[in-house]
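Structure first, then comments.
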Amino acid sequence: MTTRTVDTTQELAAFLRTRRERLDPLDFDLPSRQQARRTPGLRREEVAELAGVSIDYIVRLEQARGLRPSANVVEALSRALRLTAGERAYLFNLTQQRPRDADTPATAAAPPLALLVADLSPLPAMLMNHRYDILAWNSEMAKLLLDFDSLPPSQRNAMWLCLVHPETRALYVDRERVVREGIAHLRAAWAAHPKDQALTDLITECTTHNEDFARLWAEQDIRISGRGQKVMRHPGAGVIAVHFEVLVPLQNPDQRLMICRAADDESQSALDRL
């Protein structure tokens, strides 16, 4: 058996054809036509009508004639062909376009993920979006970092807390490194989500009002810290070193699950005391 690099133009053509042919015309409010159907599924002209494009455009796509649809056309084709979320993502990937909702961050925890955060106890865990808004946490994480329930939702942002909140500012032994890595992540998120106005506003506010942030932002470091270690000087339990892991759920890719575990026996004892 031999393998070869995927020809995205051919794959796009085949994908569109198979998805068109599997649809039942009776499921659509289409004008009646006298001509009998000789093949299963919708006709090309019907897909063109539903997607708001020309018949010739659909023909050229299905014949792999080198077209690269815009993001708006890909979205229209996804609706016309009634693609699932996975199929829609696949179509966007084939056409090398970004879905319009890619810049719409999660503002609330997905219920299954909120339950998972609670179930991870006794490991400290929390859920964030790409701009470090804290969406869910378990009691162990609150005892380790901060009682997030005591804060208004607008202040539940890990970067903002590390820069401004007195308890969080004093928590990290190597605060400079923690802030530097957080800013490097925010810069990468800013490039990936250029239309996220709330993220832009957060960066503008921090740059304007915090000298540390402004200095480190100007260095233009880029880093995605999905795994590492942090050392904290906890007021009630002493020095605690934790390994952290950040996971991105397939079903909710804008949400990030952070899980912490003790890095050594002394830290585990400290966590147990908490």
Side-chain angles (χ1 to χ4, degrees), residues 1-106 110 129-131 185 187-197 199-200 220 222-224 226 246-256:
M1 180 181 294
T2 60
T3 59
R4 56 194 175 98
T5 303
V6 174
D7 184 330
T8 55
T9 303
Q10 292 290 343
E11 176 62 18
L12 174 62
F15 183 71
L16 292 176
R17 283 196 306 272
T18 57
R19 292 310 178 269
R20 173 175 62 81
E21 291 168 355
R22 75 176 183 176
L23 296 172
D24 187 345
L26 297 178
D27 293 337
F28 294 80
D29 185 19
L30 295 167
S32 59
R33 291 179 170 88
Q34 299 297 323
Q35 185 180 0
R37 294 180 184 272
R38 293 176 293 179
T39 57
L42 297 184
R43 297 185 175 103
R44 286 169 173 166
E45 59 264 32
E46 291 168 335
V47 172
E49 183 179 339
L50 291 169
V53 297
S54 69
I55 299 173
D56 179 64
Y57 194 85
I58 298 295
V59 170
R60 292 167 67 193
L61 281 175
E62 290 193 2
Q63 292 179 350
R65 288 160 61 182
L67 295 181
R68 185 188 174 196
S70 67
N72 287 338
V73 170
V74 175
E75 187 65 56
L77 288 170
S78 298
R79 289 195 302 268
L81 297 171
R82 298 189 177 179
L83 300 184
T84 65
E87 291 169 337
R88 175 177 175 269
Y90 183 65
L91 184 59
F92 270 97
N93 286 336
L94 280 178
T95 57
Q96 300 178 15
Q97 297 287 0
R98 283 175 55 86
R100 288 179 296 178
D101 57 5
D103 293 313
T104 305
N129 60 18
H130 66 253
R131 61 190 182 214
H185 165 86
R187 181 174 285 280
W190 181 56
H193 304 271
K195 295 183 181 179
D196 182 356
Q197 188 59 48
L199 175 58
T200 299
Q220 296 193 323
I222 304 295
R223 180 172 179 179
I224 305 298
V246 180
L247 307 176
V248 179
L250 285 174
Q251 201 72 5
N252 302 96
D254 186 60
Q255 304 194 25
R256 283 118 173 90

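Between the CG atom in Leu12 and the CG atom in Asn93 there is a gap of 12.0 Å [rounded to 0.5 Å]. Atom-to-atom distance recorded for Arg44:CZ and Asp56:CG is 10.5 Å, nearest 0.5 angstrom. Rounding to the nearest 0.5 angstrom, the gap separating the CG atom in Leu247 from the CZ atom in Arg256 is 11.5 Å. Rounding to the nearest 0.5 angstrom, the gap separating the OG1 atom in Thr8 from the CD atom in Gln10 is 9.5 Å. Here CG of Leu42 is found 9.5 Å from CD of Glu45. Values are rounded to the nearest 0.5 Å. The distance from the CG atom of Asp196 to the CG atom of Asp254 is 8.0 Å, given to the nearest 0.5 Å.
Residue pairs that meet the salt bridge (charged side-chain N to carboxylate O under 4.0 Å, His left out) test with at least one member in residues 63-73, sequence neighbours left out, do not exist here.
With contacts defined as side-chain heavy-atom distances shorter than 4.5 Å, the pair Arg88/Glu75 qualifies. Side chains of Leu16 and Leu91 form a contact here, defined as non-hydrogen atoms less than 4.5 Å apart. Counting only heavy atoms from C-beta outward, the side chains of Leu81 and Phe15 never approach each other to under 4.5 Å.
Take Ala51 and apply the side chain to side chain contact (heavy atoms under 4.5 Å, CB included) test, not counting sequence neighbours, and it matches Val53, Ala76, Leu77, Ala80. With sequence neighbours excluded, the residues satisfying side chain to side chain contact (heavy atoms under 4.5 Å, CB included) with Thr200 are Trp190, Gln197, Thr204. For Arg17, there are no salt bridge (charged side-chain N to carboxylate O under 4.0 Å, His left out) partners, not counting sequence neighbours. Every residue meeting the salt bridge (charged side-chain N to carboxylate O under 4.0 Å, His left out) condition with Arg20, not counting sequence neighbours, appears here in chain and number order: Glu62.
In terms of modelled atom types and a separation under 3.5 Å, the side chain of Gln255 and the main chain of Ala110 share a donor-acceptor contact.
Pairing each heavy atom of Val248 with each of Pro253, the nearest pair is CG1-O, 3.4 Å. Shortest non-hydrogen contact noted between Ser78 and Phe92 is OG-CE1, 4.4 Å. Contact between Leu61 and Pro69 at its shortest, heavy atoms only, is CD2-CG, 3.7 Å. Considering all non-hydrogen atoms of both residues, Asn129 and Ala106 come closest at ND2-O, 2.8 Å.
Using bins of under 30°, 30° to 60° and over 60° for the plane-to-plane angle, the ring pair His193/His130 lands in the parallel bin.
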Show which side-chain atoms of residues 21-28 pair as donor or acceptor with protein atoms under 3.5 Å away, not counting sequence neighbours.
| residue | atom | partner | partner atom | Å |
| --- | --- | --- | --- | --- |
| Arg22 | NH1 | Glu87 | OE2 | 2.9 |
| Arg22 | NH2 | Glu87 | OE1 | 2.8 |
| Arg22 | NH2 | Glu87 | OE2 | 3.1 |
| Asp24 | OD1 | Leu26 | N | 3.0 |

